[in-house]
Amino acid sequence: MRAPFSTRYMGSRPVDEVFDAAASGVHYSALRLEELNINGSMSGEEQPTTSGLENGHQEPFVIGVAGGASSGKSTVCKMIIDQLRDQRVVVVTQESFYYGFSDEELVHVHDYNFDHPDAFDTELLLYCMENLKHGKAVDIPNYNFKTYKSVTSARKVNPSDVIILEGILVFHDSRLRDLMNMKIFVDTDADARLTRRIRRDTIEKGRDIKTVLDQYSKFVKPAFEDFILPTKKYADIIIPRGGDNDVAIDLIVQHIRTKLGQHDLCKVHPNLYVIQTTYQIRGMHTIIRDAATTTHDFIFYADRLIRLVVEHGLGHLPFKEKQVITPTGSVYTGVEFSKRLCGISVIRSGESMENALRACCKGIKIGKILIHREGDNGKQLIYHNLPKDIANRHVLLLDPILGTGNSAVQAISLLLKKGVQEANIIFLNLISAPQGVHVVSKRFPRVKIVTSEIDFGLNDDFRVIPGMGEFGDRYFGTDDYQSSTPFFFDEKNRVRLL
Ligand SMILES: Nc1ncnc2c1ncn2[C@@H]1O[C@H](COP(=O)(O)OP(=O)(O)O)[C@@H](O)[C@H]1O
Ligand SMILES: Nc1ccn([C@@H]2O[C@H](COP(=O)(O)O)[C@@H](O)[C@H]2O)c(=O)n1
Ligand SMILES: [Mg+2]
């Protein structure tokens, strides 16, 4: 419940007094890595780490970023995210949880203390953070600084590897602090905070300077001293000068990486290769994972991503050194591609990867495997159409999603039965669930898995989450295909439904 105005009214002080006080504010000249042991626990106590397994995926690493208004919290968060670009990071801001105003309350807005802990719906924030920490998606409200209104359930936030909770008072409630794996306090000089606030509130929020200064002297400054500054003691790291402190940000990112690295699948499975991510790749994933994306766009961006994965996979094939003479008459020492290779697509979604493979490897032979579930008793039949000399080839196995790993195990077992060397198989996919990676790697440690993103895990229906739905249906624009549908291979080795 929201507290009445009076409990959040902090009394007023004249503006000139505020300027004097601000000038003598607390300053720190260096980064304090308080009680932080980069490789281990904090304060000798076991802190929650990312080691807890929940529904088959790791708990996210939760970072709290507190500090005075306009201290640079959002700027620091952005810098952390930019440097952690190969991790999924989501930011939750405490300001989204401001209580909205009714029209009657709006009349008294200038008597309202937005810097008091009671101004926030902390119970809702706690609920959202607990869910995110346990791998569940949440709806976050959207607060409008101009209208003072809040729209509930405005933004869906999915769980991520790293969750950053940012806000002036995120260390105030011990229950929120307890959810955090790392607590950062952005400690910026009071003058700088006030100057930035004036600029921001006049330009971005359209407020006049008198209102901004009145609010500062009446509420912001006293609340900083009474509620925000006292929470600095909870911080593991205090960053003086906010976003200007590159060294502090580097150390923080290094620490997060170390913590996440403990669960880095690539370190656990040396046969797993996740292509180096870029914002282009993240952008393409965002489009193809979006349920609202049209088939046309889905195909376009899936094709682009598949092409990248295929190119990466081809990089794992053996090569021979080769010298050529360039048009300038010079010798160029390069390499020659391996010619003894073929593609095998796992029907049906794997067929979506064939064009990219053909575009990269002129005239490549592509065979097919269909894994057909018979009834509910787990019995599977495998139909296949493979190159006759497959035993002498390197095989690029194509399937866009590695989920439980069951289909991959079936397909790889068949290839081995046909005489293919385990080390000659490269399994290409767009997304892999950790469970699938474990299953395939444990059974076939020499098979290389090349993927573009590792997902969280599997849901109760064994579907990859967050995933991208039924890839084949989305790519081929069908949703009436049943695995029991009779089929045959046509003259071009394509699957045809009867
Ligand atoms: N180191 C800095 N130097 C100059 N301006 C900065 C710096 N850090 C932040 N700002 C600016 O100050 C304002 C407040 O920063 P922001 O990161 O949004 O603070 P907070 O989230 O703590 O309120 C923004 O307009 C931002 O661009
Ligand atoms: N309607 C509102 C709500 C909040 N504020 C001020 O925002 C500050 C917190 O935001 P930061 O990005 O700086 O953390 C806080 O000082 C509130 O006074 C506001 O002005 N109007
Ligand atoms: Mg901010």
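Order of listing sets the numbers, starting from 1, for every ligand and every atom in it. Owing to the predicted nature of the structure, the values given are computational and were not obtained by experimental measurement.
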Provide the number and element of each atom of ligand 2 under 4.0 Å from a heavy atom of [X].
X: K73; answer: 11 (P), 13 (O), 14 (O)
X: R207; answer: 1 (N), 2 (C), 19 (C), 20 (O), 21 (N)
X: D115; answer: 15 (C), 16 (O), 17 (C), 18 (O)
X: I168; answer: 14 (O)
X: K205; answer: 7 (O), 19 (C), 20 (O)
X: Y148; answer: 1 (N)
X: S70; answer: 13 (O)

Open item on the list: For a quick check under 3.5 Å, do S96 and T93 share a side-chain donor-acceptor pair by atom type?
Closed with: yes
- [ ] Give a yes-or-no answer on whether the side chains of S345 and E351 include a donor-acceptor pair shorter than 3.5 Å.
- [x] no
Under a 4.0 Å N-O cut-off, is there an ion pair linking [X] with [Y]?
X: R241; Y: D189; value: no
X: R348; Y: D473; value: yes
X: E470; Y: R463; value: yes

TODO: Determine, for Y216 and R193, whether the Lys NZ or Arg CZ falls below 6.0 Å from the six-membered ring centre while staying within 45 degrees of the axis.
DONE: no
Do [Y] and [X] have ring centroids that are under 6.0 Å from one another?
X: F114; Y: Y98; value: yes
X: F298; Y: F471; value: yes
X: H116; Y: F219; value: no

Task: Residue selection (non-hydrogen contact nearest atom 13 (O) of ligand 2) among Q215, R200, H116 - done: R200
- [ ] Could you see which bit of Q94 sits under 4.0 Å from ligand 2, with heavy atoms only: side chain, backbone, both or neither?
- [x] neither
TODO: Quick one: list whatever passes side chain to side chain contact (heavy atoms under 4.5 Å, CB included) with K210, sequence neighbours left out.
DONE: D208, D214
Task: Euclidean distance, M180 CE relative to D178 CG, rounded to 0.5 Å - done: 9.5 Å
Open item on the list: Yes or no: does Y143 have any heavy atom under 4.0 Å from an atom of ligand 2?
Closed with: yes
Note down each nitrogen or oxygen pair, ligand 1 side and protein side, whose separation is under 3.5 Å; give only atom names and the distance to 0.1 Å.
residue	atom	partner	partner atom	Å
ligand 1	1 (N)	D244	OD1	3.1
ligand 1	1 (N)	D244	OD2	3.2
ligand 1	17 (O)	S74	N	3.4
ligand 1	17 (O)	T75	N	2.8
ligand 1	17 (O)	T75	OG1	2.5
ligand 1	18 (O)	R200	NH1	3.4
ligand 1	19 (O)	G72	N	3.1
ligand 1	21 (O)	S74	N	2.9
ligand 1	21 (O)	S74	OG	2.7
ligand 1	22 (O)	S71	N	3.2
ligand 1	22 (O)	S71	OG	3.4
ligand 1	22 (O)	G72	N	3.0
ligand 1	22 (O)	K73	N	2.8
ligand 1	22 (O)	K73	NZ	2.8
ligand 1	23 (O)	S70	N	2.9
ligand 1	23 (O)	R200	NH1	3.0

